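All remarks here apply to the structure that follows.
All ligand and atom numbering here is 1-based and tracks the order in the structure. Values in this document were obtained by computation on a predicted structure and should not be read as measured data. Keep in mind that the numbers below use all heavy atoms, side chains included, and drop hydrogens, waters and symmetry copies.
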Amino acid sequence: MRHFDLIIIGSGSGNSILTEDYEGLDVALVDGGTFGGTCLNVGCIPTKMYAYPATVARHAREVERLGVEAEVTRVRWREMRDRIFGRIDAISRGGLDYRRSLPHVTVYAEHVRFTGPRTLRTASGEELTAEQIVVAAGSRPVLPEVPGIDLPQVHTSDTVMRIEELPRRVVVVGGGYIGAEFAHVFSSLGSRVTQVNRSHRILRYHDPEIAERFAREAARQWKLEMGWALASVTEAEGEDGAVTATFTDPEDPTLTMQIPADVVLVATGRRPNTDLLDVAAAGLDVREDGLLAVDEQQRALAGGTPAEGVWALGDISSPYQLKHVANAEARTVQHNLMHPGSLRATDHRFVPSAVFTSPQIASVGMTQAEAEQWAVEHGTEITTKVQDYGSTAYGWAMEDHVGLCKLIAEKGTGRLLGAHLIGEEASVLIQPLVQAMSFGLDAHTMARGQYWIHPALSEVVENALLGLEVPEHSPLAPEALVARR
Ligand SMILES: Cc1cc2nc3c(=O)[nH]c(=O)nc-3n(C[C@H](O)[C@H](O)[C@H](O)COP(=O)(O)OP(=O)(O)OC[C@H]3O[C@@H](n4cnc5c(N)ncnc54)[C@H](O)[C@@H]3O)c2cc1C
Ligand SMILES: NC(=O)c1ccc[n+]([C@@H]2O[C@H](COP(=O)([O-])OP(=O)(O)OC[C@H]3O[C@@H](n4cnc5c(N)ncnc54)[C@H](O)[C@@H]3O)[C@@H](O)[C@H]2O)c1
């Protein structure tokens, strides 16, 4: 048995806790998977390194409307893959070597399970205890339990980015972030893609106006099938290496659909790794959705109250499943471990997210339906404005007929409640709106209290702000900015 001051389970966002402030502590960093976790190795970073060239290829395929003839003549998949993972694998290896080089850090490259409060057992049988434990053990893909799910042609986001060739035909199962991003990557690079979703809406947590616009664009780029659940995957007869994915209608299982494919990518959600950690042995609370229960200070809960010396962050305890949220929670834990007398809470008020497809999608705050409900509960009114990219000068330059910026605000104050964008660079355009919401800037002051570069695409945000029915003299507006307007 070995006792530590601090054990961190998970080298993804958990790894970033270890700054020089921790040099005086005896620390164990435990990870049974690839060092650096999901975002670096199999998540945000490699997907975006594929999504960018895919977007470039998509533009080349669609530039004819601007009077330019171009075509994608060849995609060198292996070269792209090796460039991407040449960079990523080196960062992962370098991170592991660096941690191993630190005298105060012991790295355990194995899985652990709880055997009691603040007591763990490694896969090789060693018992570890600590004064403080940080659980940052993440999540993993959920696979439907259907025949053929273990065939080598069936992939998840963990494996599909390392395949040898760009597949001719890809079936993407699932209509969430991961399904959408990979459908974009493979179809733009040249695979024939069919995306199949169980429900009749893709990107179901997005504002319906955005999700519908995306579904329209997706259906133009690849085949989109809604209302089918994966039933089985079988080896295709007479076609070497190919498979047939069979789907049934969840409302009438006698209705089936069969799609031939070279790769089936399953993107049907991710589940927190609480079950693999035996958190019950430590007496920790697990929510109905499988997340480890935490409070705003990131303290793990046991019987509804903070468990002594146990913290959690990221996908294991966060319903957002987003890296910037995991990072923010890691900063909270980093502070709280060192300052037990002045604990901080994580700010989860305005969490943005983006889908890196073509067009991109970005969103923060309430959808229109959520804002309407909020207004009823608070005895107030909302105002909304939808501004097309195509109504701005840069939108004309792009000959854009897709992009839109939808804003939702409180009528009486101009307080921004939600922002939802689809279109070119939506993930970048949204950031000033996140800033305004985070710092309480009202819509009119945001529009008129600063210059907007003409004729940049950001004018779509300016015009959307000006289109909201909000007061010019908001009670929220800071004095200095009112004077400047
Ligand atoms: C394909 C894909 C694309 C994504 N794209 C984006 C994006 O664009 N933007 C965004 O914000 N988010 C994105 N995400 C989500 C983001 O990757 C996660 O929210 C984030 O990485 C979670 O970080 P974490 O530290 O909680 O967990 P992880 O980074 O998963 O770290 C957990 C670590 O714990 C280890 N571990 C688990 N159980 C044990 C155990 N019992 N013993 C020892 N070690 C254990 C694992 O091996 C892993 O390394 C994406 C995810 C995927 C899958
Ligand atoms: N850009 C980003 O920020 C980004 C990118 C990728 C992933 N992520 C994170 O990863 C998480 C997981 O993403 P995801 O796309 O796997 O999950 P998700 O929950 O967003 O979507 C899963 C989809 O699969 C469908 N589905 C479920 N079971 C099915 C079945 N048997 N047959 C057919 N369809 C089925 C669901 O209807 C749903 O549309 C997300 O919640 C997100 O936070 C973020």
Side-chain angles (χ1 to χ4, degrees), residues 7-16 29-48 50-51 92 108-114 120 122-123 135-146 149 156-158 160-161 172-182 195-206 225-231 245 247-248 250 265-279 312-327 329-330 351-357 360-363 427:
I7 297 176
I8 298 174
I9 310 170
S11 67
S13 319
N15 182 44
S16 63
L29 180 58
V30 188
D31 199 311
T34 312
F35 193 89
T38 301
C39 178
L40 173 67
N41 294 295
V42 289
C44 336
I45 296 178
T47 49
K48 270 77 254 182
Y50 278 110
S92 169
Y108 288 88
E110 26 181 346
H111 278 91
V112 285
R113 286 173 176 271
F114 280 97
L120 299 161
T122 66
V135 188
S139 62
R140 65 184 188 279
V142 176
L143 287 167
E145 287 178 18
V146 298
I149 200 74
T156 67
S157 52
D158 284 353
V160 77
M161 289 183 272
V172 175
V173 186
Y177 281 69
I178 296 180
E181 290 186 350
F182 278 112
Q195 186 183 11
V196 187
N197 195 39
R198 190 172 49 185
S199 72
H200 286 271
R201 268 188 63 191
I202 54 170
L203 299 178
R204 62 197 154 147
Y205 299 119
H206 281 78
E225 296 280 0
M226 314 274 225
W228 297 101
L230 185 66
F247 295 84
T248 53
L265 170 67
V266 180
T268 50
R270 293 177 64 85
R271 62 177 295 178
N273 286 325
T274 35
D275 53 340
L276 303 181
L277 265 175
D278 264 350
V279 292
L313 63 97
D315 284 12
I316 191 103
S317 56
S318 162
Y320 293 103
Q321 297 191 325
L322 293 167
K323 179 60 173 166
H324 40 277
V325 176
N327 286 343
E329 293 177 350
V351 174
S353 66
V355 192
F356 293 81
T357 39
Q360 288 186 352
I361 294 171
S363 168
S427 63

Of all protein heavy atoms, the one nearest atom 14 (N) of ligand 1 is Cys44 SG, 3.8 Å

Does an N or O anywhere in Gly33 fall below 3.5 Å from an N or O of ligand 1?
yes

Ligand 1 versus Leu322: contacting region, heavy-atom distance under 4.0 Å
both

Mind checking the CD1-CG spacing from Ile178 to Leu265? Nearest 0.5 Å is all I need.
8.0 Å

Among Ala136, Pro272, Ser139, Ser427, which one has a heavy atom closest to atom 31 (O) of ligand 1?
Ala136

Look at atom 39 (C) of ligand 1 and find which of Arg270, Glu110, His111 reaches it with the closest heavy atom.
His111

Backbone, side chain, both or neither: what part of Val325 comes under 4.0 angstrom of ligand 1, heavy atoms only?
neither

Would you mind finding which of Gly314, Gly43, Gly37 brings a heavy atom closest to atom 2 (C) of ligand 1?
Gly43

Evaluate the side-chain proximity of Ser13 to Glu329: yes if any heavy-atom separation is below 4.5 Å, no if none is.
no

Per-atom filter on ligand 1: closer than 4.0 angstrom to a heavy atom of Cys39 are 17 (O), 21 (O)

Suppose we measure from atom 11 (O) of ligand 1 to each protein heavy atom; which comes out shortest, and what is that distance?
Lys323 N, 2.8 Å

Residue set satisfying salt bridge (charged side-chain N to carboxylate O under 4.0 Å, His left out) with Arg270, at least two apart, ordered chain then number -> none

Can you tell me how far the CG atom of Leu203 sits from the OG1 atom of Thr357, to the nearest 0.5 Å?
7.5 Å

Any N or O of Ile9 closer than 3.5 Å to N or O of ligand 1
no

Check ligand 2 for close polar pairs with the protein: N or O on both sides, less than 3.5 Å.
{"unit_1": "ligand 2", "atom_1": "1 (N)", "unit_2": "Glu181", "atom_2": "OE2", "d": "2.9"}
{"unit_1": "ligand 2", "atom_1": "1 (N)", "unit_2": "Ala354", "atom_2": "O", "d": "2.6"}
{"unit_1": "ligand 2", "atom_1": "3 (O)", "unit_2": "Ala354", "atom_2": "O", "d": "3.3"}
{"unit_1": "ligand 2", "atom_1": "15 (O)", "unit_2": "Tyr177", "atom_2": "N", "d": "3.2"}
{"unit_1": "ligand 2", "atom_1": "15 (O)", "unit_2": "Ile178", "atom_2": "N", "d": "3.0"}
{"unit_1": "ligand 2", "atom_1": "16 (O)", "unit_2": "Gly269", "atom_2": "N", "d": "3.0"}
{"unit_1": "ligand 2", "atom_1": "28 (N)", "unit_2": "Arg198", "atom_2": "NH2", "d": "3.4"}
{"unit_1": "ligand 2", "atom_1": "32 (N)", "unit_2": "Leu230", "atom_2": "N", "d": "3.4"}
{"unit_1": "ligand 2", "atom_1": "34 (N)", "unit_2": "Arg198", "atom_2": "N", "d": "3.2"}
{"unit_1": "ligand 2", "atom_1": "37 (O)", "unit_2": "Asn197", "atom_2": "OD1", "d": "3.2"}
{"unit_1": "ligand 2", "atom_1": "39 (O)", "unit_2": "Gly175", "atom_2": "N", "d": "3.3"}
{"unit_1": "ligand 2", "atom_1": "39 (O)", "unit_2": "Asn197", "atom_2": "OD1", "d": "3.0"}
{"unit_1": "ligand 2", "atom_1": "41 (O)", "unit_2": "Gln321", "atom_2": "OE1", "d": "3.1"}
{"unit_1": "ligand 2", "atom_1": "43 (O)", "unit_2": "Tyr320", "atom_2": "O", "d": "3.1"}
{"unit_1": "ligand 2", "atom_1": "43 (O)", "unit_2": "Gln321", "atom_2": "O", "d": "2.8"}

Heavy-atom nearest neighbour in the protein, as seen from atom 36 (N) of ligand 1, with distance rounded to 0.1 Å:
Ala137 O, 3.9 Å

Nearest to atom 26 (O) of ligand 1, what protein heavy atom do you find, and at what distance?
Asp315 N, 2.8 Å

Any atoms of ligand 1 less than 4.0 Å from a non-hydrogen atom of Asn273? List them with their elements.
37 (C)

For atom 27 (O) of ligand 1, what is the nearest protein heavy atom, given as residue, atom name and distance?
Gly138 CA, 3.4 Å

Of the choices Leu276, Thr38, Val112, which has the non-hydrogen atom that lies closest to atom 41 (N) of ligand 1?
Val112

I need the contact type for Leu277 against ligand 1. Using non-hydrogen atoms and a strict under-4.0 Å cut-off, is it side chain, backbone, both or neither?
side chain

Starting from atom 46 (C) of ligand 1, what is the nearest protein heavy atom, named by residue and atom, and what distance separates them?
Asp31 OD1, 3.4 Å

Tell me the protein heavy atom at minimum distance from atom 25 (O) of ligand 1, and give that distance in Å.
Ser13 OG, 2.7 Å

